[in-house]
**Q** 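Before I ask anything, let me first share the structure, which is written out below as structure tokens.
Numbering starts at 1 and runs along the sequence shown. The shown structure was predicted, so the numbers you read here are calculated from the model rather than taken from an experiment.
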Amino acid sequence: MTPQEHRAKALRIERSMRKCNDDDSDMTIECAMLAGTHWLNATLHVNGVTPEDTDVFHTYLLTVNEYRRLCVGANDAVKSLSEIEDLRPPYVRGNVGGGAQAAKRAVELLAIIRAKAEQET
């Protein structure tokens, strides 16, 4: 997928995410993760860190060496996406309280990832 295609998908997901409210914290976190993944891939492709035919799907599926290599190319974005992904088990798949605060944090992290992508693309 090209950086422009990733950008378009991220923007579409973010538009959908804005329809969520505090009761939709699980969807907000999920949308932040999906949009963040597209923004990260756009950044990595533009910077030549990854080719357009190789996308990061989840940071937790990366090897330690690959995670570190990608951090050299987009440290704050990779770490922010990792933190969003860490919110998923307790707040999207689980029933831990504080979902609204977790969703707010996911949106803050998404802004970090988006800012890096917009700076680069």
**Q** With Tyr60, which residues qualify under ring-ring contact (aromatic ring centres under 6.0 Å, His included), at least two apart?
**A**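 With neighbours one apart ignored, the set is His58.
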**Q** Would you check, one step at a time, whether the test side chain to side chain contact (heavy atoms under 4.5 Å, CB included) holds for Glu108 with Lys104?
**A** CA-CA 6 Å; Glu108 292 168 354; Lys104 181 180 178 203; 3.6 Å; yes
**Q** Using a 4.5 Å cut-off between side-chain heavy atoms of Ile, Leu, Val, Met, Phe, Trp and Tyr, which other residues end up in the same hydrophobic cluster as Met27?
**A** none
**Q** Under the side chain to side chain contact (heavy atoms under 4.5 Å, CB included) test, which residues partner Asn75, sequence neighbours left out?
**A** Cys71, Lys79
**Q** Shortest non-hydrogen contact from Ala35 to Ala10?
**A**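 Heavy atoms only, the tightest pair is O-CB, 3.7 Å.
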**Q** Which heavy-atom pair separates Gly73 from Val49 by the least distance, and what is that distance?
**A** CA-CG2, 3.9 Å
**Q** Could you list the residues that satisfy side chain to side chain contact (heavy atoms under 4.5 Å, CB included) with Glu83, not counting sequence neighbours?
**A** Arg105, Leu109
**Q** Working to the nearest 0.5 Å, report the span between CG of Leu40 and CG of Leu70.
**A**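 Rounded to the nearest 0.5 Å, the CG-CG separation comes to 7.0 Å.
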**Q** Suppose we screen for salt bridge (Lys or Arg N to Asp or Glu O under 4.0 Å). Which residues come up paired with Glu52, at least two apart in sequence or across chains?
**A**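 Testing Glu52 for salt bridge (Lys or Arg N to Asp or Glu O under 4.0 Å), a comparison that skips the adjacent residues, returns none.
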**Q** Could you work out, with salt bridge (Lys or Arg N to Asp or Glu O under 4.0 Å) as the rule, every residue matching Glu14, not counting sequence neighbours?
**A**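 Here the qualifying residues are Arg114.
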**Q** Between Ala42 and Pro3, which heavy-atom pair has the shortest distance, and what is it?
**A**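 Scanning both residues, the minimum pair turns out to be CB-O, 3.8 Å.
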**Q** Which heavy atom in Ile113 sits nearest to a heavy atom in Ala77, and how many Å separate them?
**A**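 In this case the closest contact between Ile113 and Ala77 is CG1-O, 3.7 Å.
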**Q** Are the side chains of Met17 and Leu34 in contact, using a 4.5 Å heavy-atom criterion?
**A** no
**Q** Does one hydrophobic cluster hold both Met1 and Trp39, with members joined at side-chain heavy-atom distances below 4.5 Å?
**A** no
**Q** Listed by chain and number, what are the side-chain hydrogen bond (donor to acceptor under 3.5 Å, both in side chains) partners of Thr28, not counting sequence neighbours?
**A** none
**Q** Looking at Thr54 and Thr50, would you say the former's side chain and the latter's main chain have a donor-acceptor pair under 3.5 Å?
**A**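 Pair absent, no side-chain N/O of Thr54 close to backbone of Thr50.
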**Q** For residues Ile84 and Ala106, report the shortest heavy-atom separation together with the two atoms involved.
**A**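 It is CD1-O, 3.7 Å.
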**Q** Are Lys116 and Glu120 close enough for a salt bridge, meaning some N to O gap below 4.0 Å?
**A**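 Yes, this pair counts.
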**Q** What residues, two or more places apart in sequence or in another chain, satisfy ring-ring contact (aromatic ring centres under 6.0 Å, His included) together with His6?
**A** His38, His45
**Q** Say whether, by atom type as modelled, one donor and one acceptor occur between the side chain of Asn41 and the main chain of Val56 under 3.5 angstrom.
**A**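 Yes; judged by distance alone, with no hydrogens or angles, the pair exists.
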**Q** My understanding is that only residues two or more places apart in sequence, or in another chain, count here; which of them pass salt bridge (Lys or Arg N to Asp or Glu O under 4.0 Å) with Arg69?
**A**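 Counting only residues at least two positions away or on another chain, Arg69 forms a salt bridge (Lys or Arg N to Asp or Glu O under 4.0 Å) with Glu66.
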**Q** Sequence neighbours left out, what passes salt bridge (Lys or Arg N to Asp or Glu O under 4.0 Å) with Arg88? Give chain and number order.
**A**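 Arg88: salt bridge (Lys or Arg N to Asp or Glu O under 4.0 Å) contacts with Glu30.
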**Q** Report the C-alpha separation of Thr37 and Phe57 in whole Å, then their side-chain angles, then the decisive distance to 0.1 Å, and conclude whether the side chain to side chain contact (heavy atoms under 4.5 Å, CB included) test is met.
**A** CA-CA 7 Å; Thr37 301; Phe57 294 106; 5.6 Å; no
**Q** Return the set of residues passing side chain to side chain contact (heavy atoms under 4.5 Å, CB included) with Asn21 (not counting sequence neighbours), or none when no residue passes.
**A**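 If we apply the side chain to side chain contact (heavy atoms under 4.5 Å, CB included) test to Asn21, skipping adjacent residues, the hits are Asp23, Asp24.
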**Q** Shortest non-hydrogen contact from Ala74 to Thr43?
**A** CB-CG2, 4.1 Å
**Q** With sequence neighbours left out, write down each residue that passes side chain to side chain contact (heavy atoms under 4.5 Å, CB included) with Ala102, or none if nothing qualifies.
**A**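 Expected list: Ile29, Leu87, Tyr91.
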**Q** To the nearest 0.5 Å, how far apart are CE in Met33 and OG in Ser82?
**A** 12.0 Å
